[in-house]
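Quantities reported herein were computed from a predicted structural model and do not represent experimental measurements.
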Amino acid sequence: MTWSPAHLDVTLHRADPAAPPGQITVIRLLALLPADWCCHPDAGTDLLRLRLAPVPTDPEPFLTRALADPALCGWGRVGQGASAR
């Protein structure tokens with residue numbers, strides 16, 4: 001996760017080749033986040049970045065809950081493990 005005063009980048013990687021590609025996963029991720037967040041997605045097959053700008057107040061609990069959802073199994077934050085199937 002990269003943070004600056006203007007934005008927060010959340011970068012995910014596909015750790016499980018059986019997991020859906022990033023283009024599908026980013027849609028699922030967006031659906032799990034608060035509707036009032038301004039998100040700018042950039043999704044490839046095995047890597048996706050979601051830029052939040054401006055930075056929401058205390059985004060970590062929302063991101064943690066979204067990444068724990070079964071729809072994101074096989075994906076995880078860069079530098080961390082992926083959620084299990």
Side-chain angles (χ1 to χ4, degrees):
M1 189 162 49
T2 307
W3 180 87
S4 84
H7 67 269
L8 172 70
D9 284 342
V10 179
T11 307
L12 304 180
H13 68 100
R14 182 164 69 160
D16 180 352
Q23 297 89 338
I24 301 285
T25 302
V26 73
I27 294 167
R28 292 174 174 174
L29 176 59
L30 289 170
L32 294 167
L33 296 176
D36 62 338
W37 284 14
C38 185
C39 303
H40 307 276
D42 180 19
T45 302
D46 296 322
L47 194 70
L48 70 87
R49 184 188 76 198
L50 190 63
R51 176 164 283 181
L52 307 174
V55 179
T57 303
D58 196 19
E60 193 59 35
F62 295 99
L63 293 169
T64 300
R65 187 174 23 236
L67 292 172
D69 191 276
L72 274 68
C73 283
W75 281 85
R77 291 187 189 187
V78 169
Q80 298 179 5
S83 55
R85 285 200 176 271

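In this structure, Asp16 CG and Cys73 SG are separated by 9.0 Å, a value rounded to the nearest 0.5 Å. The line from CG of Leu72 to CZ of Arg28 is 8.0 Å long, rounded to the nearest 0.5 Å.
Counting heavy atoms from C-beta outward, Leu48 and Leu29 have side chains that approach closer than 4.5 Å. Contact of the Phe62 side chain with the Pro34 side chain is registered, since non-hydrogen atoms from C-beta on lie closer than 4.5 Å. Using a 4.5 Å cut-off on side-chain heavy atoms (C-beta onward), Arg14 and Thr25 make no contact. Residues His40 and Leu52 have side chains not in contact (no heavy-atom distance under 4.5 Å, counting atoms from C-beta outward).
Shown here are the side chain to side chain donor-acceptor pair (under 3.5 Å) partners of Arg51, two or more places apart in sequence or in another chain: His7, Asp9. Considering only residues two or more places apart in sequence or on other chains, Asp42 meets the salt bridge (charged side-chain N to carboxylate O under 4.0 Å, His left out) condition with none of them.
For the pair Pro59 and Leu8, the tightest heavy-atom approach, listed with the atom from each and the gap, is CG-CD2, 3.7 Å. When all heavy atoms of Gly22 and Ala43 are compared, the closest pair comes out as O-CB, 3.6 Å. The two residues Pro54 and Cys38 come nearest to each other via the heavy atoms CD-CB, 4.5 Å.
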Residues Arg49, Val78; criterion side chain to side chain contact (heavy atoms under 4.5 Å, CB included); working and verdict: CA-CA 10 Å; Arg49 184 188 76 198; Val78 169; over 6 Å; no
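Of the options Val26, Leu67, Asp46, a side-chain contact (heavy atoms from CB on, under 4.5 Å) to Leu12 is made by Leu67 and by none of the others.
In the hydrophobic cluster analysis, where Ile, Leu, Val, Met, Phe, Trp and Tyr join through side-chain heavy atoms closer than 4.5 angstrom, Ile24 is grouped apart from Leu50.
Without hydrogens or angle criteria, Trp75 side chain to Pro20 main chain gives a donor-acceptor distance under 3.5 Å.
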